[in-house]
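Input: a single structure, listed below in structure tokens.
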Amino acid sequence: MTEANWPLFEVFIRSRGGMSHRHVGSLHAVDAEMALQNARDVYTRRGEGLSIWVVPSGAIKASDPGDKDMLFEPANSKIYRHPTFYEVPEDVGNM
Amino acid sequence: MYTQGLNTHETQGTSPVDTEREARFQARIDADEKIEPNDWMPAAYRRTLVRQISQHAHSEIVGMLPEGNWITRAPTLRRKAALLAKVQDEGGHGLYLYAAAETLDVTREELVEQLLTGKAKYSSIFNYPTLTWADIGAIGWLVDGAAIMNQIPLCRCSFGPYARAMIRICKEESFHQRQGYEIISTLARGTPEQKAMAQDALDRWWWPSLMMFGPSDKESQHSDTSMRWKIKRFSNDDLRQKFIDATVPQGHALGLVFPDAQLKWNEETKNFDFGPIDWEEFRQVVSGNGPCSRDRMRTRRKAHAEGAWVREAALAHAAKRRSRDAAAKLAAE
Ligand SMILES: [Fe+2]
Ligand SMILES: [Fe+2]
Ligand SMILES: [Fe+2]
């Protein structure tokens, strides 16, 4: 096959007002404009969205799953970052 | 984002078996964790998924042909709009699934080529012809019905992108089955000629629909490891039985007769007993000798070849626009 391949785009959709855009999948298109059109046809046939973002897949830098522990483990021991860590006298009520 | 960079390329068979990593992988699966594209996975797991997901994608795409055959001849505007929407959904399903397969380090072009050269298989059911309008009803009711049985457990598949694609697909499938059943029931309650059409469609589609679940558990080669890897959750025979038990009452409710003299409710097992499946027919259809096999492949190849200039022109147009924009930017500076 000598044909050049179409680039890959990641598709993000805002499903309702007030929500953030969420990754829904990917598709191929020659440019961002076509990616938007295709995303509309492929991912919003039943009113799933109010807004679409498309991003060239190559533009996304992902963390390496192998670094998972190094990156995210340290947060587990820092329980003082959560409100439940602190004691408030009962008669003070909700805080 | 899934197809690039972080994946370790594994060539088939040459990678040494890493028992320690494999044990850790299996432990993750056993703990019902999802495997994501950039996670380490055994080469065989990757291969199995590429094969299964791409076959599934090919089936959705080829599956558009038998139904597309009736879009221009749908009896009413309502039926036509529904059929058009259904076939469009199937095209979308193909795309979700190709995208899921592509996260495993294969390109769309490789997958399409495998289909067009006959290297990859697709569901046997789409090699049967749609002779009458009633066949469109039978496909929605039986073929989509069988597909749903198969696909619901796949929503919990261990591979994240496949499971997520299946959730989308299953949401869309239920309308497919209902519109098919509506067509069949309208015919079954119509004139004697219409009822005969519905019966004829059931006669022709029933056995091929049962074959959709694949070979009997006694002969299926991939089942054991697929179960261990939680790619598959139920055996072929279990799913087939579930489908029969759900579908037979739906047919009886319309006064239709299933083309199986041995089909009978078994009070003991609480299942329908059924007659033997013609596995020779299944083997023939799978190996490319179904009634429409050659026609389907010819149609796909023709569409791909005749679309080549569109794909090339779109790329060229995008390149031209990019360079024009760049030139305009330069001039403005
Ligand atoms: Fe389907
Ligand atoms: Fe589908
Ligand atoms: Fe469907």
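We name chains A, B, ... by the order of the sequence lines, and we start the count at 1 in each one. Below, each value reflects all heavy atoms present in this structure, side chains not excepted, and no hydrogens, waters or symmetry copies.
By the neighbour-count criterion of 12 heavy atoms within 6.0 Å, atom CZ of A:Arg14 is densely surrounded, having more than that number from other residues, nucleotides or ligands. Taking a 6.0 Å sphere around CZ of B:Arg301, one finds it holds more than 12 heavy atoms contributed by other residues, nucleotides or ligands. When the shell of 6.0 Å around NZ of A:Lys78 is examined, it contains more than 12 heavy atoms from other residues, nucleotides or ligands. Heavy atoms from other residues, nucleotides or ligands lying under 6.0 Å from CZ of A:Arg45 number more than 12.
Taken from CZ in B:Arg108 to OG in A:Ser26, the straight-line distance is 8.0 Å, to the nearest 0.5 Å. B:Thr107 contributes atom OG1, which lies 15.0 Å from atom CH2 of A:Trp6 (distance to the nearest 0.5 angstrom).
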**Study point:** Trace of the side chain to side chain contact (heavy atoms under 4.5 Å, CB included) decision for B:Arg321 with A:Asp31
**Key:** CA-CA 10 Å; B:Arg321 279 230 305 231; A:Asp31 57 17; 3.4 Å; yes
Review point. Taking it one step at a time, do B:Arg168 and A:Val24 satisfy side chain to side chain contact (heavy atoms under 4.5 Å, CB included)?
Key: CA-CA 10 Å; B:Arg168 275 193 91 80; A:Val24 293; 4.3 Å; yes
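When atom types are taken as modelled, the side chain of B:Tyr96 and the backbone of A:Val42 share a donor-acceptor pair closer than 3.5 angstrom. In terms of modelled atom types and a separation under 3.5 Å, the side chain of B:Arg164 and the main chain of A:Gly25 share no donor-acceptor contact.
At a 4.5 Å heavy-atom cutoff, A:Phe9 makes no contact with chain B through either its backbone or its side chain.
Among A:Glu48, A:Lys68, A:Glu33, the residue making the largest number of heavy-atom pairs under 4.5 Å with chain B is A:Glu33.
Between B:Asp89 and A:Arg46, at least one side-chain N (NZ, or NE/NH1/NH2) sits under 4.0 Å from a carboxylate O, which counts as a salt bridge.
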